[in-house]
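Let me begin by presenting the structure, written as structure tokens, before commenting on it.
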Amino acid sequence: EDGRYPNVIVEPVSRSTATLDRVEKKQLYEQTFSTPEFFCFDFVGGRFDAWRIAGGKYVPIEPNHGRYWSEELELYLGPWEGSFLGYDRIWPRFFTTEGTLVLTSSERAEAENHRAEAEKQRADAAEAELARLRTELESLKHSR
């Protein structure tokens, strides 16, 4: 559908854009877009502000252990400290209802590579043990 606005907006905030993001854009997203959920993330302080539309107006979303529940995404959004895009800092990240970090595609690929390498090592070790046992069995057969 043309002219459709997003259901969730996550806005990065800096000192120079704080008023624009937290006041003017918030007003635009609330009154013009009617975006159901709006999150602001301040990279300097690692701070979130979050709102959900209720009765046509934004009301604050209360944090749950520092994370904000998105009804639209059925995920939590919260701060995560680590390396991403070559920068070590606090980043906004998604978490499951169980609190598990939702991995990026590159993190998933890296985890899969680790699993595949570990599986290959287990298979190689099993093959080596099988070969050792076969050799031992052959030597036992010949020693009779």
Side-chain angles (χ1 to χ4, degrees), residues 1-26 28-30 32-54 57-144:
E1 174 180 334
D2 290 346
R4 182 152 161 77
Y5 298 111
N7 287 3
V8 177
I9 294 175
V10 179
E11 188 78 46
V13 175
S14 68
R15 284 196 177 96
S16 62
T17 66
T19 301
L20 173 68
D21 297 328
R22 287 198 174 98
V23 178
E24 294 174 36
K25 285 186 179 179
K26 180 183 169 201
L28 171 72
Y29 300 155
E30 174 189 78
T32 304
F33 289 13
S34 295
T35 299
E37 293 175 341
F38 174 47
F39 299 87
C40 281
F41 181 72
D42 182 344
F43 277 94
V44 175
R47 181 179 135 220
F48 272 96
D49 291 303
W51 300 273
R52 181 176 294 116
I53 289 267
K57 294 281 181 206
Y58 276 140
V59 294
I61 299 172
E62 292 302 318
N64 181 357
H65 301 290
R67 296 178 182 159
Y68 298 83
W69 178 248
S70 169
E71 291 177 357
E72 295 293 316
L73 300 173
E74 297 184 346
L75 291 171
Y76 282 102
L77 184 62
W80 172 83
E81 192 167 350
S83 184
F84 183 65
L85 300 174
Y87 295 97
D88 287 328
R89 65 180 331 157
I90 297 173
W91 295 94
R93 295 290 299 266
F94 291 108
F95 299 85
T96 65
T97 54
E98 295 79 25
T100 306
L101 181 68
V102 175
L103 300 181
T104 64
S105 56
S106 60
E107 287 169 333
R108 278 193 308 274
E110 188 176 326
E112 184 55 40
N113 286 342
H114 286 306
R115 277 193 296 277
E117 183 57 35
E119 185 57 41
K120 182 183 181 320
Q121 288 175 359
R122 280 192 297 275
D124 290 349
E127 285 179 27
E129 178 65 6
L130 181 59
R132 187 191 68 75
L133 290 171
R134 283 186 175 143
T135 303
E136 192 175 311
L137 184 59
E138 283 303 313
S139 70
L140 286 172
K141 282 181 184 175
H142 292 357
S143 67
R144 285 183 158 182

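Keep in mind it's a predicted model, so treat the numbers as computed, not measured.
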Heavy-atom side-chain contact between Arg93 and Val102 under 4.5 Å:
no
Quick one: list whatever passes side-chain hydrogen bond (donor to acceptor under 3.5 Å, both in side chains) with Glu98, sequence neighbours left out.
Thr96
Tell me whether Glu129 at atom CD has more than 12 heavy atoms from other residues, nucleotides or ligands lying less than 6.0 Å away.
yes
By side-chain hydrogen bond (donor to acceptor under 3.5 Å, both in side chains) - contacts of Thr35 (at least two apart):
none
Give a yes or no answer on whether the side chain of Thr17 reaches the backbone of Leu20 with a donor-acceptor pair at less than 3.5 Å.
no
A side-chain contact here means heavy atoms from C-beta on lying under 4.5 Å apart; do Pro6 and Tyr29 qualify?
no
Considering all heavy atoms, the nearest Ala50-Phe39 contact:
CB-CD2, 3.5 Å
When you measure from the side chain of Arg22 to the backbone of Val13, do you find a donor-acceptor pair of N or O atoms at a distance under 3.5 Å?
no
Leu75 CG to Phe95 CZ distance, which is reported to the nearest 0.5 Å:
10.5 Å
Please state whether the rings of Phe43 and Phe41 are parallel, tilted or perpendicular, taking 30° and 60° as the class boundaries.
perpendicular
Pairs meeting criterion side-chain hydrogen bond (donor to acceptor under 3.5 Å, both in side chains) with involvement of residues 77-86, two or more places apart:
Ser83-Asp88
Is it the case that more than 12 heavy atoms not belonging to Arg132 sit under 6.0 Å from its CZ atom?
yes
Cation-pi, Trp69 ring and Arg67 (6.0 angstrom, 45 degrees):
no
Can you tell if the side chain of Ile90 reaches within under 4.5 Å of the side chain of Pro79, non-hydrogen atoms only?
yes
Do Leu137 and Lys141 have side-chain heavy atoms sitting under 4.5 Å apart?
yes
What pairs with Glu72 under side-chain hydrogen bond (donor to acceptor under 3.5 Å, both in side chains), at least two apart in sequence or on another chain?
Asn7
By side-chain hydrogen bond (donor to acceptor under 3.5 Å, both in side chains), Ser16 pairs with (sequence neighbours left out) Ser14
Across all chains, not counting sequence neighbours, the salt bridge (charged side-chain N to carboxylate O under 4.0 Å, His left out) partners of Lys57 are none
So how far is it from Arg122 CZ to Glu117 CD, rounded to the nearest 0.5 Å?
10.5 Å
How far does NZ of Lys26 sit from CG of Asp49, to the nearest 0.5 angstrom?
8.5 Å
Output for pair (Leu85 CG, Trp91 CH2), nearest 0.5 Å, gives 5.0 Å
Tell me whether Glu138 is salt-bridged to Arg134, with the criterion being a basic N under 4.0 Å from an acidic carboxylate O.
no
To the nearest 0.5 Å, what is the distance between CD (Glu110) and CG (Leu103)?
9.5 Å
Ile61 side, atom CD1; Leu77 side, atom CG - distance, nearest 0.5 Å:
9.0 Å
Can you tell which of Phe38, Tyr68, Tyr76 makes a ring-ring contact (aromatic ring centres under 6.0 Å, His included) with Phe48?
Tyr68
